[in-house]
Amino acid sequence: MAEKFDSLEEHLEKFVENIRQLGIIVSDFQPSSQVGLNQKLNFMVTGLQDIDKCRQQLHDISVPLEVFEYIDQGRNPQLYTKECLERALAKNEQVKGKIDTMKKFKSLLIQELTKVFPEDMAKYKAIRGEDPPP
């Protein structure tokens with residue numbers, strides 16, 4: 001899989017460099033540079049075709065839109081992964097806290113119900129397989 005990404009990265013780097021050179025030619029265009037301009041335009045078309053071939057190899061890869069937003073904002077896309085993990089850990093802690101609270105509540109509720117309704121709770125526990133009735 002890494003080879004596919006390396007190939008795409010190489011094609012993208014070549015394409016960007018070709019665009020940079022094309023910009024230089026266009027910014028200082030002289031009629032004598034028409035041949036070089038045509039050559040760079042042809043390289044650009046070929047580069048887009050090469051990138052399209054890479055796209056077909058990577059069709060099963062999906063990138064969250066938020067990653068592109070990070071890039072557009074000039075932020076490192078690896079920060080997206082880090083922040084996602086941090087959010088997941090925080091949510092995990094929050095849910096764990098809720099589960100612990102619910103377990104404590106259940107335990108206290110069973111204790112109090114056992115005091116008020118001992119016979120019914122003995123049947124309940126027997127059904128649940130917790131304690132056999134006396």
Side-chain angles (χ1 to χ4, degrees):
M1 183 62 96
E3 296 165 358
K4 294 177 184 179
F5 286 115
D6 291 342
S7 175
L8 176 61
E9 183 177 1
E10 180 182 328
H11 288 301
L12 287 171
E13 286 173 356
K14 286 180 183 177
F15 184 75
V16 168
E17 177 60 21
N18 191 42
I19 294 291
R20 187 188 68 76
Q21 292 174 4
L22 185 65
I24 293 169
I25 292 171
V26 169
S27 68
D28 190 31
F29 183 74
Q30 302 292 323
S32 60
S33 61
Q34 183 66 48
V35 173
L37 177 65
N38 291 343
Q39 183 182 22
K40 289 296 175 187
L41 288 172
N42 287 331
F43 284 151
M44 190 172 90
V45 170
T46 304
L48 286 171
Q49 290 171 340
D50 291 341
I51 291 169
D52 188 58
K53 289 176 189 172
C54 291
R55 178 186 60 90
Q56 294 168 355
Q57 295 173 350
L58 301 169
H59 71 281
D60 58 340
I61 305 296
S62 62
V63 178
L65 292 177
E66 291 87 3
V67 172
F68 294 110
E69 291 173 9
Y70 270 62
I71 294 169
D72 289 343
Q73 295 168 359
R75 298 170 68 191
N76 185 339
Q78 291 179 345
L79 289 176
Y80 173 77
T81 304
K82 178 185 174 197
E83 290 175 5
C84 278
L85 288 173
E86 289 172 351
R87 283 192 306 267
L89 287 172
K91 187 68 173 176
N92 186 35
E93 288 295 319
Q94 183 183 27
V95 170
K96 184 181 179 303
K98 287 181 180 181
I99 290 171
D100 291 344
T101 301
M102 292 303 290
K103 285 180 181 179
K104 288 177 185 176
F105 174 74
K106 177 185 174 189
S107 175
L108 289 173
L109 180 64
I110 289 175
Q111 285 177 6
E112 293 300 317
L113 287 173
T114 302
K115 290 177 187 175
V116 177
F117 305 107
E119 294 173 9
D120 292 331
M121 288 307 293
K123 291 177 188 176
Y124 169 78
K125 289 179 180 180
I127 292 170
R128 300 264 316 183
E130 293 176 11
D131 286 333

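Taking CD from Q21 and CD from E17, the interatomic distance works out to 4.5 Å, rounded to the nearest 0.5 Å. Between the CG atom of L8 and the NZ atom of K53 there is a distance of 14.0 Å, given to the nearest 0.5 Å. Distance CD1/I19 to CD1/I24: 12.0 Å, rounded to 0.5 Å. Separation of atoms CG (N76) and OG1 (T81) is listed at 9.0 Å; rounding is to 0.5 Å.
At least one donor-acceptor pair under 3.5 Å links the side chain of T46 to the backbone N or O of N42. When atom types are taken as modelled, the side chain of S33 and the backbone of F29 share no donor-acceptor pair closer than 3.5 angstrom.
Closest non-hydrogen pair, P77 versus V67, comes out as CB-CG1, 3.8 Å. Of all heavy-atom pairs spanning M121 and I110, the tightest one is CE-CG2, 3.9 Å. Taking every heavy atom of both residues into account, P64 and Y80 meet most closely at CB-OH, 3.5 Å.
Each of E83, E69, E66 was evaluated against R75; a single residue qualifies, E83, per the salt bridge (Lys or Arg N to Asp or Glu O under 4.0 Å) test.
Counting non-hydrogen atoms of other residues, nucleotides and ligands closer than 6.0 Å to CD of Q78 gives a total of 12 or fewer. E119 CD: 12 or fewer foreign heavy atoms inside a 6.0 Å radius.
Under the 4.5 Å side-chain heavy-atom criterion for ILVMFWY residues, a single connected hydrophobic cluster contains both I51 and M44. Put simply, L48 and L12 are part of the same group of oily side chains (I, L, V, M, F, W, Y) that touch within less than 4.5 Å, one to the next. No path of Ile, Leu, Val, Met, Phe, Trp and Tyr side chains, each step under 4.5 Å between heavy atoms, connects F43 with L41, placing them in separate hydrophobic clusters. Linking ILVMFWY residues whenever their side-chain heavy atoms come closer than 4.5 Å, directly or via other members, leaves L113 and I127 in distinct clusters. There is a path of hydrophobic side-chain contacts, each under 4.5 Å, that joins F15 to V26.
Proximity of S7 to H11: side-chain heavy atoms (C-beta onward) are separated by under 4.5 Å at one or more points. Counting only heavy atoms from C-beta outward, the side chains of P31 and Q34 never approach each other to under 4.5 Å. In this structure the side chain of T101 never reaches within 4.5 angstrom of the side chain of K98, judged on heavy atoms. Taking 4.5 Å as the limit, some side-chain heavy atom of E86 sits within range of a side-chain heavy atom of K82.
A salt bridge is defined here as a Lys NZ or Arg NE, NH1 or NH2 lying under 4.0 Å from an Asp or Glu carboxylate O, and E93 with K96 fails to meet this definition. Looking at D52 and R55, a side-chain N of the basic residue comes within less than 4.0 Å of a carboxylate O on the acidic one, giving a salt bridge.
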Take K106 and K103 through the test side-chain contact (heavy atoms from CB on, under 4.5 Å) and record every step on the way to the result. CA-CA 5 Å; K106 177 185 174 189; K103 285 180 181 179; 5.7 Å; no

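The side-chain hydrogen bond (donor to acceptor under 3.5 Å, both in side chains) test applied to K14 returns E10, not counting sequence neighbours. In this structure, the side-chain contact (heavy atoms from CB on, under 4.5 Å) partners of L108, at least two apart in sequence or on a different chain, are Q111.
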